[in-house]
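If you're wondering where the values come from, they're calculated on a predicted model, not measured in any experiment.
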Amino acid sequence: MTKRFRLRPGPLTPKSGKCSKTNARCHPQLFTPPPAPPAPPPSEQTPPAPPTAGEIVDNVAKRSGLSKEELALAKSLVEDGQDHLFAHWDAGESKKIKSQMKQLVALHKSYPLENGLLSYTANARKLLLASKEGKNPLEGWVPKVPKGEALELGTEKYDALEAKGLESIGKTGFVLVAGGLGERLGYNGIKVELPTETCTSMCYLEYYITTILSIQAKHAAPGTFLPLAIMVSDDTHDKTLALLKKNKYFGMRINDVTLMKQEKVAAIMNNDGGIAQSESDPFSIESKPHGHGDVHSLMHSNGLPKKWLDMGLEYAVFFQDTNGLGFHTLAAFLGVSMELDLVMNSLAIPRKAKQAVGAVCDLTSSSGESMTINVEYNQLDPLLRATVSKAGDVNDKKTGWSPYPGNINQLLFRLAEYKVNLDKTSGVMGEFVNPKYADDAKTKFKKPTRLECMMQDYPQVLKGTEDSKKVGFTSVAAGLCFSPVKNATADGAKKQKEGTHPAVAFSGESDQYAAVAMCLRAAGCRVQKGQVKTFLGVSMESGPFLVVHPAVCCQPSHYKGVFVGGDKINILGGSTLIVKGKGKLVVESLKLDGALIVDTGDDPASTLTIKDVVVENEGWMEKPIEEGMPSAEWMKMRGYFMERKEACYITNVPKRGVGKFGVSGPGYRVDAGAGQTAKWMWVEEEPKEEKGVMGFGGGSKDEEGETVGCSPCNVM
């Protein structure tokens with residue numbers, strides 16, 4: 001019989017094999033643990049460590065529903081030292097957290113370098129350190145006068161280069177840098193919506209587009225449509241699009257216009273590259289404009305250089321939003337680029353030494369590198385003193401001007417090389433920073449700063465290439481090519497007292513009339529100067545008020561083909577001349593002492609000839625806006641309105657009861673049929689009512705017995 005044994009539970013001791021009754025594992029009920037030490041008083045207890053920014057992000061990510069992309073960016077920013085962006089998340093609502101991450105993702109994606117915000121903050125730290133240490137970015141560079149041409153309207157040299165440029169003007173694309181609002185000027189709208197002058201109220205955008213369409217009609221190959229790219233911002237995109245749609249793109253095809261929206265960059269609050277938040281709302285990221293240098297990356301990201309090359313275009317011209325004189329010299333500008341084989345050409349103006357205008361310089365480094373680039377006026381003088389002459393920036397004794405021309409940020413690029421360089425760099429320009437420090441040690445900012453870039457710094461991407469040797473300038477008198485509207489009237493009045501051009505709406509308008517007068521004088525016409533008037537503290541020449549629609553003339557040489565009479569055309573200083581229409585106009589002889597409006601109609605095959613015309617009437621004149629007088633914002637900016645008393649109107653547009661030609665204004669009649677020269681005569685007495693004739697001396701009647709009045713005020 002087999003005996004069975006039952007083992008009792010409980011381990012044996014290792015040495016004797018006997019049960020140890022004091023073993024806690026065997027008899028835990030017999031084991032009494034030693035008493036715990038007394039807890040320290042509350043004042044001596046160590047508080048729990050607060051969660052790190054990374055832990056906060058992890059904890060909040062789940063309940064806030066952050067995407068993988070948002071979570072990855074948040075963690076990357078924590079690693080980048082941006083903990084402060086997330087310290088408030090524990091107490092935040094999911095909606096606000098999502099909103100903050102949406103802002104950060106947008107800033108991350110819009111920055112053109114590969115690592116987005118991380119690249120931006122890395123650049124910020126590097127540039128802020130250099131700024132704090134006072135490093136000079138131009139150290140080691142020696143300036144000299146760059147390659148280029150200084151032109152004067154009316155000379156053989158100007159005419160020859162303009163004629164050369166007309167060969168390629170019909171193969172040019174246009175880039176408008178228009179990111180700003182008019183609030184600074186006292187206008188509640190976009191700047192390109194502002195009227196260029198008060199005679200016709202044509203806005204800047206219409207003026208630019210009609211000029212492009214005129215160049216297209218006169219100089220482009222049949223079937224070629226010249227394109228326009230407009231750089232806009234969040235503030236201006238919708239308003240610019242609305243302006244275009246409202247006016248049916250001012251005659252341009254919709255597909256020929258590209259709006260390129262510039263995004264902002266994060267504001268930086270300290271030398272460590274910390275991204276700034278709104279003082280009133282930590283969930284709101286503060287952002288600022290990055291500068292107009294982004295236009296190059298936008299051109300690249302929209303694929304426009306390739307598209308325009310495929311269209312057969314050769315050049316692209318970049319111009320500013322409120323400079324009504326910018327296109328007068330375009331053909332000569334192109335001619336210089338073609339003559340000197342330039343891949344980049346800067347339109348410039350003569351500048352006085354130490355004038356507050358950037359200068360175009362050819363810089364050469366100690367290593368032999370060179371680049372032709374804009375140097376800010378406050379950097380040029382010390383750079384010249386340190387490298388060239390202790391005299392610094394001084395005027396040339398022969399010309400009275402600085403040898404270094406003034407940059408006006410109108411740039412011309414040859415598209416083939418422009419595309420190649422944008423493909424290499426994605427159009428990213430070098431950046432700079434300009435913090436306003438709150439202390440001498442340069443450790444604190446008065447307000448958050450930002451990195452900026454400028455479109456004229458494009459030559460920096462050419463360093464070390466053959467293209468760097470093909471950058472130059474074209475200098476023309478400012479009166480023909482540059483009169484920006486960028487200052488509020490009060491600020492402009494102060495600048496004028498200090499000896500600087502006011503750059504206000506009144507000066508922009510006055511200079512626009514004066515530029516047309518220059519073109520007429522270059523064609524041999526006699527154009528008197530008007531009187532100087534003062535409005536809102538700004539003094540400018542008032543009259544003659546000359547508006548020649550771009551469809552009639554948009555380059556100086558065009559004037560010679562229209563105003564053929566030379567000195568037989570005499571325009572007095574207080575007169576108004578408005579010329580418009582697509583038909584051919586020939587002015588053989590004219591004396592104008594008053595207001596005259598000429599309209600050749602919409603038929604390009606029609607012809608209107610003006611010969612032996614004498615116009616004498618009360619005309620139009622600028623009148624100050626009195627207190628309490630209702631007026632639009634764009635008029636208040638000027639301080640005056642255009643009082644339209646009398647005007648003569650000449651047209652070959654058929655009008656009821658007038659025949660082929662018509663005129664309005666006191667004391668005029670026409671005696672010409674279709675296809676003949678329109679001969680006009682001054683009538684001493686009240687004109688008789690004749691069939692097919694409009695003579696006005698207080699009004700006349702047409703064939704049907706109705707009184708015929710003057711032309712509308714908005715004559716364009």
_Rounded to the nearest 0.5 Å, what separates atom NZ in Lys164 from atom OG in Ser337?_
11.5 Å

*Who pairs with Ser589 by side-chain hydrogen bond (donor to acceptor under 3.5 Å, both in side chains), at least two apart in sequence or on another chain?*
Asp612

*asked:* Check this for me: Lys584, atom NZ, are more than 12 non-hydrogen atoms of other residues, nucleotides or ligands nearer than 6.0 Å?
replied: no

_By the salt bridge (charged side-chain N to carboxylate O under 4.0 Å, His left out) test, which pairs, at least two apart or in different chains, include something from residues 500-524?_
Glu509-Arg638

*Identify, with sequence neighbours excluded, every residue that meets salt bridge (Lys or Arg N to Asp or Glu O under 4.0 Å) alongside Glu162.*
none

_Taking atom NZ as the centre, does Lys352 end up with more than 12 heavy-atom neighbours from other residues, nucleotides or ligands that are less than 6.0 angstrom away?_
yes

*Any chance NZ of Lys529 has more than 12 other-residue heavy atoms, nucleotides or ligands included, within less than 6.0 Å?*
no

*Yes or no on side chain to side chain contact (heavy atoms under 4.5 Å, CB included) for Lys157 and Glu149, after CA distance, side-chain angles and deciding distance?*
CA-CA 10 Å; Lys157 183 179 181 181; Glu149 289 283 1; 2.5 Å; yes

_I'd like to check His237 versus Gln262 (side-chain heavy atoms, cut-off strictly below 4.5 Å). Are they in contact?_
no

*Side chain of Thr196, backbone of Tyr204: donor and acceptor closer than 3.5 Å?*
no

*Assess whether side-chain hydrogen bond (donor to acceptor under 3.5 Å, both in side chains) is satisfied between Asp467 and Asn421, documenting all intermediate values.*
CA-CA 9 Å; Asp467 285 349; Asn421 286 304; 3.3 Å; yes

*Between the main-chain N or O of Met455 and the side-chain N or O of His296, is there a donor-acceptor pair closer than 3.5 Å?*
yes

_Val562/Val586 under side chain to side chain contact (heavy atoms under 4.5 Å, CB included): CA gap, chis, key distance, verdict_ = CA-CA 5 Å; Val562 174; Val586 178; over 6 Å; no

*State, to 0.1 Å, how close Met252 and Leu213 come at their nearest heavy-atom pair, and which atoms those are.*
N-CD1, 3.9 Å

*Mind checking what makes side-chain hydrogen bond (donor to acceptor under 3.5 Å, both in side chains) contact with Asn255, not counting sequence neighbours?*
none

_His558/His328 under ring pair (Phe, Tyr, Trp, His ring centres under 6.0 Å): CA gap, chis, key distance, verdict_ = CA-CA 10 Å; His558 294 162; His328 288 307; over 10 Å; no

*Roughly how far, to the nearest 0.5 Å, is the CD1 atom of Ile578 from the OH atom of Tyr649?*
10.0 Å

*If you take all heavy atoms of Ile230 and Ala178, which pair is closest and at what distance?*
CG2-CB, 4.1 Å

*Out of curiosity, Glu156 CD to Tyr158 OH, how far, rounded to the nearest 0.5 Å?*
15.0 Å

_Applying ring pair (Phe, Tyr, Trp, His ring centres under 6.0 Å) to Phe318 and Phe413, what does each step give before you reach the verdict?_
CA-CA 8 Å; Phe318 290 59; Phe413 297 93; 5.1 Å; yes

*Can you tell if the side chain of Thr651 reaches within under 4.5 Å of the side chain of Val598, non-hydrogen atoms only?*
no

*Near Lys591 NZ, under 6.0 Å, is it more than 12 heavy atoms from other residues, nucleotides or ligands?*
no

*Centroid separation Phe250 to Tyr208 less than 6.0 Å*: no

*Does the distance from a Lys or Arg side-chain N to an Asp or Glu carboxylate O, for Lys470 and Asp341, drop under 4.0 Å?*
yes

*Donor-acceptor pair, side chain of Gln555 and main chain of Phe327, under 3.5 angstrom*: yes

*Under the 3.5 angstrom rule, does the side chain of Thr240 hit a backbone N or O of Thr236 as a donor-acceptor pair?*
yes

*Okay, side chain of Glu646, backbone of Glu616: is any donor-acceptor separation there less than 3.5 Å?*
no

*Do any pairs count as a salt bridge (charged side-chain N to carboxylate O under 4.0 Å, His left out) and have a residue in residues 549-560, sequence neighbours left out, and if so which ones?*
Asp159-Lys560

*Is there a donor-acceptor pair closer than 3.5 Å between any side-chain N or O of Asn487 and the backbone N or O of Pro502?*
yes

*asked:* Distance alone, cut at 3.5 Å: any donor-acceptor contact between the side chains of Ser510 and Ser507?
replied: no

_Residue pair Tyr559 / Val516, side-chain heavy-atom distance below 4.5 Å_ = yes

*Pair Arg526 + Asp567: basic N to acidic O under 4.0 Å*: no

*Please tell me if the side chains of His292 and Met231 come closer than 4.5 Å, counting only heavy atoms from C-beta onward.*
yes

_Results of salt bridge (Lys or Arg N to Asp or Glu O under 4.0 Å) for Glu541 - residues two or more places apart only_ = none

_Looking at every non-hydrogen atom in both residues, tell me the closest pair between Lys218 and Pro550 and how far apart they are._
CE-O, 4.3 Å

*Plane angle bin for Phe506 and Tyr640 - parallel if under 30°, tilted between 30 and 60°, otherwise perpendicular*: perpendicular

*Heavy-atom distance under 4.5 Å between the side chains of Pro544 and Leu577, does that happen here?*
no

*Under 3.5 Å, side chain of Asn345 to main-chain N/O of Phe333, donor-acceptor pair present?*
yes

*Which heavy atom of Cys648 sits nearest a heavy atom of Asn617, and at what distance?*
N-ND2, 3.5 Å

*Check whether any side-chain heavy atom of Met344 lies under 4.5 Å from a side-chain heavy atom of Leu411, and answer yes or no.*
yes

*Just by modelled atom types, is the Thr322 backbone N or O under 3.5 Å from a matching donor or acceptor in the Gln320 side chain?*
no

*Do Ile571 and Cys525 have side chains that get closer than 4.5 Å, going by heavy atoms?*
no

*Side-chain contact, heavy-atom cut-off 4.5 Å: Met637 with Val504?*
no

*Specify the closest pair of heavy atoms between Gly492 and Val538, including all atoms of both residues, with the distance to one decimal.*
C-CG2, 4.4 Å

*Test Ile209 against Leu244 for side chain to side chain contact (heavy atoms under 4.5 Å, CB included), laying out the working first.*
CA-CA 10 Å; Ile209 289 179; Leu244 287 166; 3.9 Å; yes

*asked:* To check you understand the geometry: which heavy-atom pair defines the closest contact between Cys554 and Ser214, and what is its length?
replied: SG-OG, 3.7 Å

_Distance, nearest 0.5 Å, that separates CG of Leu412 from CG of Leu347_ = 9.5 Å

*Check for a donor-acceptor pair, side chain of Ser475 on one end and backbone N or O of Ala150 on the other, with a separation under 3.5 Å.*
no

_Steps toward side chain to side chain contact (heavy atoms under 4.5 Å, CB included) verdict (Val343, Tyr418)_ = CA-CA 8 Å; Val343 301; Tyr418 184 66; over 6 Å; no

*Let me see the working for Ser542 and Glu622 under side-chain hydrogen bond (donor to acceptor under 3.5 Å, both in side chains), right down to the final yes or no.*
CA-CA 8 Å; Ser542 176; Glu622 295 163 336; 2.5 Å; yes

*Check ion pair Lys636-Glu633 (N to O, under 4.0 angstrom)*: no

*Is a donor on one side and an acceptor on the other found under 3.5 Å between the side chain of Gln216 and the backbone of Leu226?*
yes

